[in-house]
Amino acid sequence: TGTLSLLCAVSPEPVTAHVINAPQFIFPPHSQSAKPLIVNTYNGFIRLVPMSNSAKAQWTPTVERIAKSRMTSFAQTANEPGDLHAWSIAQPDQFWSLVWDQCGVVGEKGARAYVAPQAGASMSTAQFFPDARISVVENMLATTGSHDALVAIDEVGNRRTRSWNELRERVASIASALQARGVVAGDRVAAWLPNSIEAIEVMLGAASIGAVFSSSSPDFGANGVLDRFGQIEPKVLFAVDGYLYNGKQFDCLERLNEIRKGLPTVVETIVVSSIGTVVPEGAVAYNDFVASGSNTPVSPQRFAFDHPWYVLYSSGTTGIPKCIVHRTGGVLLQHMKEHQLHCNVQPGDRVMYFTTTGWMMWNWLVSVLASGATAVLYDGSPSFPTMNRLFDFVDQEQLTLLGTSAKFIDSARKSEINPIESHSLKTLRTICSTGSPLAPEGFGWVYEKVSTTVHLASISGGTDLCACFVAGDSTSTVYA
């Protein structure tokens, strides 16, 4: 760390910035008309990359919006001179301790926020909050009341909800029912479920007692599911009888029979009825399972910061998908930071990300509960019956954040839709795009055809950290 001053061809005057140990950072523009300077560092070498002259400012936040953002509030509390990002890397103990406080994490923080690796040791030996005790369920269900915690909509428009109080009661019942089946901390609970209320209830019920949750989407074939769940040896399996997609109904029971045969460690299979089929022999209906624990509700337990929460999987393009275990505190804290600071999620917001349970964005979406926001779930095709479907949800559900993919935005751009004319979209503050880089044409289309006031963030993350490498900043100009 230190200060770097350079005179180079990409700038007409010396450029000064704080040097940090990071793969990439950005010099702010030295004038209103100048563009940011992208800086890459690697093994002691520094490469300066001027933003393309073709890059254009697509959106600039108002002074009022910047002042009201959670990023600004965080920066003011940090009260650190210079670059906030540089400080976060140079002082990880101070930064993450402040994130815990400012984001409102519920739990026992402990005296230490960060323990650096010993000299010569791997970076992976660093510890964060080694004295902390935390429950993701306490954090996600900290909000109370009869208003919506979850809204779930299927492709034909059936809409279901769970209030915060209802969700808390059902999670306590599920935790009890799991314990009655012999599930203890560290056991695995597998869910072959769509993006639904039940998937979230099961995850929270498992996390309440320290069981490790893993999910897979019902569009996966039996072999794909067994390649994943077969490695983690789950004790309990939750599955769905079928689902709708692109106007068609798909029955899952035949594949479920194969999956059950391939998971000898499963002591109980619980089936969610989505298309109304009969629960297969030897399985239990989901509502009956929940009811079995209603008389003996179990409160959430706190665990160490590094206690396992999720198992996700690599893509499987180079062989059997590889298991990736994610810890309780790391994922929760990272998600709360990304939601609140980068996406400016506020209590009472309504967030939808188009995803399935087989993609890490499902885990990311669920965590908005910890910021007091409502998670709006959609199970179906984003283009059925028209490409306007996701924008219909913005108005119908008063969404404040809509998450989708660069592929969807490109498809919408090539269609004839014009949401800025056909929809109100007055509640929408943020659009997140991920899955692949968003092309400049995609940025242009959003600001021309969707909204001139929305913060469009092309974010990038990964299954390997179940979070973002690159996220948005609602206090800065969007370029493309």
Have [X] and [Y] got a donor and an acceptor in their side chains that come within less than 3.5 Å?
X	Y	value
S292	R181	yes
T60	T477	yes
S173	S176	no
Q398	T427	no
D154	N158	yes
E416	N418	no
D473	T475	yes

Does any part of the side chain of [Y], heavy atoms only, come nearer than 4.5 Å to the side chain of [X], both counted from C-beta?
X	Y	answer
Y286	S273	no
H342	C468	no
V478	H455	yes
Y310	V212	no
V99	M336	no
S214	V189	no

Using atom types as modelled and distance alone, determine if a side-chain donor or acceptor of [X] lies under 3.5 Å from a backbone N or O of [Y].
X	Y	result
W362	N195	no
E138	I134	no
E233	P264	no
S451	V454	yes
N257	E254	no
T357	L193	yes
Y243	I275	no
N165	T144	no
D306	R327	no

Salt bridge check, [Y] against [X]: does any charged N sit closer than 4.0 Å to a carboxylate O?
X	Y	value
R159	E397	yes
E421	K449	no
D410	K407	no
R413	E441	no
E64	K68	yes
D395	R350	no

Compare every heavy atom of [Y] with every heavy atom of [X], then report the nearest pair and how far apart it is.
X	Y	value
F303	A207	CE1-O, 4.1 Å
L369	A149	CD2-O, 3.5 Å
V345	R429	CA-NH2, 4.4 Å

When the aromatic ring centroids of [X] and [Y] are compared, is their separation below 6.0 Å?
X	Y	result
F95	F74	yes
W364	Y353	yes
F408	F354	no
F213	W309	no
F289	F238	yes

Intermediate values then yes/no, side-chain contact (heavy atoms from CB on, under 4.5 Å), L333 and F129
CA-CA 11 Å; L333 196 58; F129 299 98; 3.6 Å; yes

How far apart are the C-alpha atoms of L150 and T374, what are their side-chain angles, what is the distance that settles it, and do they pass the side-chain contact (heavy atoms from CB on, under 4.5 Å) test?
CA-CA 6 Å; L150 302 174; T374 298; 5.9 Å; no

Kindly determine whether Y245 and F250 satisfy ring-ring contact (aromatic ring centres under 6.0 Å, His included), including the steps that lead there.
CA-CA 8 Å; Y245 190 84; F250 297 85; 7.4 Å; no

Hey, mind stepping through K235 and E268 against salt bridge (charged side-chain N to carboxylate O under 4.0 Å, His left out) and telling me if it holds?
CA-CA 7 Å; K235 183 169 282 188; E268 187 93 275; over 6 Å; no

Does the ring-ring contact (aromatic ring centres under 6.0 Å, His included) test come out yes or no for F220 and F229, once each step is laid out?
CA-CA 12 Å; F220 284 23; F229 291 168; 9.1 Å; no

Pick out which of V271, V279, V278 makes a side-chain contact (heavy atoms from CB on, under 4.5 Å) with D241.
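So the option named by the test is V271.
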
What's the verdict on side-chain contact (heavy atoms from CB on, under 4.5 Å) for V351 and V376, showing C-alpha distance, side-chain angles and the deciding distance?
CA-CA 6 Å; V351 178; V376 181; over 6 Å; no

Determine, stepwise, if the pair V171 / L167 fulfils side-chain contact (heavy atoms from CB on, under 4.5 Å).
CA-CA 6 Å; V171 166; L167 182 58; 4.0 Å; yes

Atom pairs and distances, donor-acceptor, side-chain atoms in residues 457-467, under 3.5 Å, two or more places apart:
none

Within this structure, what is the CG-OG1 distance for the pair L425 and T453, rounded to the nearest 0.5 Å?
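Answer for the CG-OG1 pair, L425 versus T453, is 9.0 Å.
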
Please identify each residue that fulfils side chain to side chain donor-acceptor pair (under 3.5 Å) with S315, with sequence neighbours left out.
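Partners of S315 by the side chain to side chain donor-acceptor pair (under 3.5 Å) criterion, ordered by chain and then number, come out as T317.
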
Test of understanding: with side chain to side chain donor-acceptor pair (under 3.5 Å), list the residues that count as partners of S411, not counting sequence neighbours.
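Here no residue qualifies.
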
For the residue pair H339 and H335, categorise the inter-ring angle as parallel (less than 30°), tilted (30 to 60°) or perpendicular (more than 60°).
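Ring orientation of H339 relative to H335: tilted.
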
